[in-house]
Participant: 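Take this structure, written in structure tokens, and hold onto it; I'll ask about it next.
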Amino acid sequence: MLLYRSHIHLHLGDCPRRVVKCDVKGCNNYYALGDKHHHDRQYQESHQVRLKNEVEKLKGKIFNKVRDLVRYR
């Protein structure tokens, strides 16, 4: 298949072997599209810590919002 350099961006969007960034916030790793399961298993502990930290941060924000609502009533 002939692919012009100017069309490479079109190919990269559909390539089954493309590399994607992990969608866990704070995980800056990339993996091949079909290797998500392997990546998730390899970084399971790291992902759990990151997700727990994110939950705690969001709980703190909610607590602060509620506190502010109660304070200004």
Side-chain angles (χ1 to χ4, degrees):
M1 176 174 106
L2 179 64
L3 184 66
Y4 294 104
R5 188 178 298 185
S6 61
H7 295 152
I8 194 74
H9 68 285
L10 297 173
H11 168 75
L12 292 176
D14 294 329
C15 181
R17 295 184 298 176
R18 68 183 176 269
V19 175
V20 292
K21 185 179 183 305
C22 179
D23 58 355
V24 173
K25 186 174 182 176
C27 181
N28 297 317
N29 292 302
Y30 290 81
Y31 56 88
L33 186 60
D35 289 340
K36 179 171 177 40
H37 180 72
H38 175 72
H39 168 79
D40 287 344
R41 284 183 44 215
Q42 184 178 1
Y43 291 95
Q44 180 178 0
E45 290 181 28
S46 171
H47 286 176
Q48 286 177 345
V49 169
R50 292 179 190 285
L51 292 171
K52 181 181 179 286
N53 290 339
E54 186 67 15
V55 167
E56 293 301 319
K57 185 172 88 173
L58 292 172
K59 283 169 60 176
K61 286 183 177 183
I62 290 170
F63 176 81
N64 290 337
K65 293 277 185 185
V66 170
R67 185 192 65 212
D68 292 345
L69 285 173
V70 171
R71 184 183 298 167
Y72 294 116
R73 282 188 166 192

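As the structure is a computational prediction, the values presented were derived from the model and not from experiment. By convention here, the first residue in the shown sequence is residue 1. Computed over heavy atoms, backbone and side chain alike; hydrogens, waters and symmetry mates excluded.
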Participant: Taking the side chain as every heavy atom from C-beta outward, state whether Val20 and Tyr30 have any pair of such atoms under 4.5 Å apart.
Facilitator: no
Participant: Find out whether His47 and His39 are in side-chain contact, i.e. whether some heavy atom of one side chain is under 4.5 Å from a heavy atom of the other.
Facilitator: yes
Participant: For Lys25 and Arg50, which heavy atoms make the closest approach, and how far apart are they?
Facilitator: O-CD, 3.7 Å
Participant: Begin from the C-alpha positions of Arg67 and Asn64 and carry the test side chain to side chain donor-acceptor pair (under 3.5 Å) through to its verdict.
Facilitator: CA-CA 5 Å; Arg67 185 192 65 212; Asn64 290 337; 3.2 Å; yes
Participant: Under a single-linkage definition using a 4.5 Å side-chain heavy-atom cutoff for Ile, Leu, Val, Met, Phe, Trp and Tyr, are Tyr31 and Leu33 assigned to the same hydrophobic cluster?
Facilitator: yes
Participant: Should we count CD of Glu56 as having more than 12 external heavy atoms under 6.0 Å?
Facilitator: yes
Participant: Side-chain contact test, heavy atoms from C-beta onward, threshold under 4.5 Å: evaluate it for Gln42 versus His38 and give yes or no.
Facilitator: yes
Participant: According to a hydrophobic-cluster definition based on side-chain heavy atoms being under 4.5 Å apart (Ile, Leu, Val, Met, Phe, Trp, Tyr only), do Leu58 and Val24 belong together?
Facilitator: no
Participant: Does atom CZ of Arg71 have more than 12 heavy-atom neighbours, drawn from other residues, nucleotides or ligands, at distances under 6.0 Å?
Facilitator: yes
Participant: Under a 4.0 Å N-O cut-off, is there an ion pair linking Asp35 with Arg41?
Facilitator: no
Participant: Between Cys22 and Lys36, is any pair of side-chain heavy atoms under 4.5 Å apart?
Facilitator: no
Participant: I'd like to know if the side chain of Lys21 reaches the main chain of Cys27, judged simply by a donor and an acceptor atom lying under 3.5 Å from each other, with no hydrogens or angles considered.
Facilitator: yes
